Amino acid sequence: MNELIREMIVLLRSEATRHAISVRTDLAADLPQAMGDRVQLQQVVMNLIVNSIDAMKDVDGTRELAIHVGGEWTASTFRCRSATRRRTAAAADDQIFKAFFTTKAHGTGMGLSISRSIVESHGGPLVGCR
């Protein structure tokens, strides 16, 4: 997973830099090899990083994306959290994983729904953070 996460950071670094967002990682060195569909897991990680960038890009102040992976790899140990998080209405927090629900002006509402399906098909949960 660490290699996959690093690849996605390299791929998305220019987007983060364009919006003055620093990316910090805390990746456990002793993770067992993850078994799963690499392309699907890349899609999940990319979606979480892009959503974090989108949530911060118009916010004043320090913008930092912190990615933490620790312990035995499961979907629940991957944390992708922005230091400055745009708040959605409390009602939206319960719906963010539903297909076609979006808080973005040009969003489709499919990214988190698909990501959750992928993570669950690999045996883990994908939950929102508050």
Side-chain angles (χ1 to χ4, degrees):
M1 282 309 300
N2 289 347
E3 179 184 336
L4 186 145
I5 291 166
R6 285 186 194 104
E7 289 172 0
M8 293 299 97
I9 290 170
V10 168
L11 185 66
L12 297 168
R13 179 144 340 259
S14 63
E15 184 70 7
T17 301
R18 187 163 61 104
H19 297 292
I21 297 170
S22 65
V23 178
R24 180 175 52 86
T25 59
D26 176 22
L27 308 175
D30 57 348
L31 292 175
Q33 184 144 355
M35 303 301 277
D37 185 300
R38 183 176 185 83
V39 173
Q40 288 183 351
L41 295 173
Q42 286 173 327
Q43 182 178 357
V44 171
V45 172
M46 178 180 283
N47 187 65
L48 294 174
I49 292 172
V50 167
N51 281 357
S52 295
I53 291 170
D54 285 346
M56 287 187 284
K57 66 184 180 185
D58 296 324
V59 175
D60 292 331
T62 302
R63 300 177 192 145
E64 179 182 71
L65 171 58
I67 300 172
H68 170 79
V69 176
E72 184 175 324
W73 167 253
T74 65
S76 64
T77 62
F78 175 83
R79 304 280 187 265
C80 183
R81 179 175 297 211
S82 56
T84 307
R85 182 174 181 254
R86 181 175 57 204
R87 290 295 307 151
T88 57
D93 286 345
D94 295 332
Q95 297 187 44
I96 62 171
F97 295 108
K98 291 184 180 177
F100 307 112
F101 178 83
T102 184
T103 59
K104 300 177 186 177
H106 301 289
T108 63
M110 294 304 296
L112 288 175
S113 176
I114 291 169
S115 293
R116 178 175 262 182
S117 294
I118 290 169
V119 170
E120 288 176 350
S121 75
H122 285 78
L126 181 59
V127 297
C129 61
R130 293 187 184 266

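Fair warning: this is a prediction, and the values are worked out from it, not measured in the lab.
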Next item on the list: Please name the pair of heavy atoms, one in Ala28 and one in Asn2, separated by the smallest distance, quoted to 0.1 Å.
Entry: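 That closest heavy-atom pairing would be O-ND2, 2.6 Å.
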Check: Between Ser115 and Asn47, which heavy-atom pair has the shortest distance, and what is it?
Finding: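 Nearest pair, atom of Ser115 first, then Asn47: OG-ND2, 3.3 Å.
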Can you sort out the partners of [X] under side-chain contact (heavy atoms from CB on, under 4.5 Å), two or more places apart, ordered by chain and number?
X: Glu3; answer: Glu7, Arg38
X: Gln40; answer: Asp37, Ile118, Ser121, His122
X: Thr25; answer: Ile9, Leu27, Ile67
X: Leu12; answer: Met46, Ile49, Val50

Item checked: Donor-acceptor contact below 3.5 Å, side chain Asp26 vs main chain Val69 ->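 No, Asp26 side chain to Val69 backbone: no donor-acceptor pair under 3.5 Å.
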Item checked: Pairwise side-chain contact, Ile53 with Arg18, heavy-atom cut-off 4.5 Å (strictly under) ->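 In short, these two side chains do not touch, never coming nearer than 4.5 Å.
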Check: Sequence neighbours excluded, which residues qualify as salt bridge (charged side-chain N to carboxylate O under 4.0 Å, His left out) partners of Arg13?
Finding: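 Partners of Arg13 by the salt bridge (charged side-chain N to carboxylate O under 4.0 Å, His left out) criterion come out as none, since no residue qualifies.
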Notebook entry, point to check: Atom CD1 of Ile21 and atom OG of Ser52: how far apart are they, to the nearest 0.5 Å?
Noted result: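 Spacing of CD1 (Ile21) from OG (Ser52) equals 8.5 Å.
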Check: What distance separates His68 NE2 from Arg24 CZ, expressed to the nearest 0.5 Å?
Finding: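 Answer for the NE2-CZ pair, His68 versus Arg24, is 10.0 Å.
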Margin query: Which residue is it: His19, Arg63, Glu64? I am looking for the one with a side-chain contact (heavy atoms from CB on, under 4.5 Å) to Met56.
Written below: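 Looking at His19, Arg63, Glu64, the match for Met56 under the side-chain contact (heavy atoms from CB on, under 4.5 Å) is Arg63.
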Next item on the list: Could you walk me through whether Leu41 and Val119 pass side chain to side chain contact (heavy atoms under 4.5 Å, CB included), step by step?
Entry: CA-CA 8 Å; Leu41 295 173; Val119 170; 5.7 Å; no
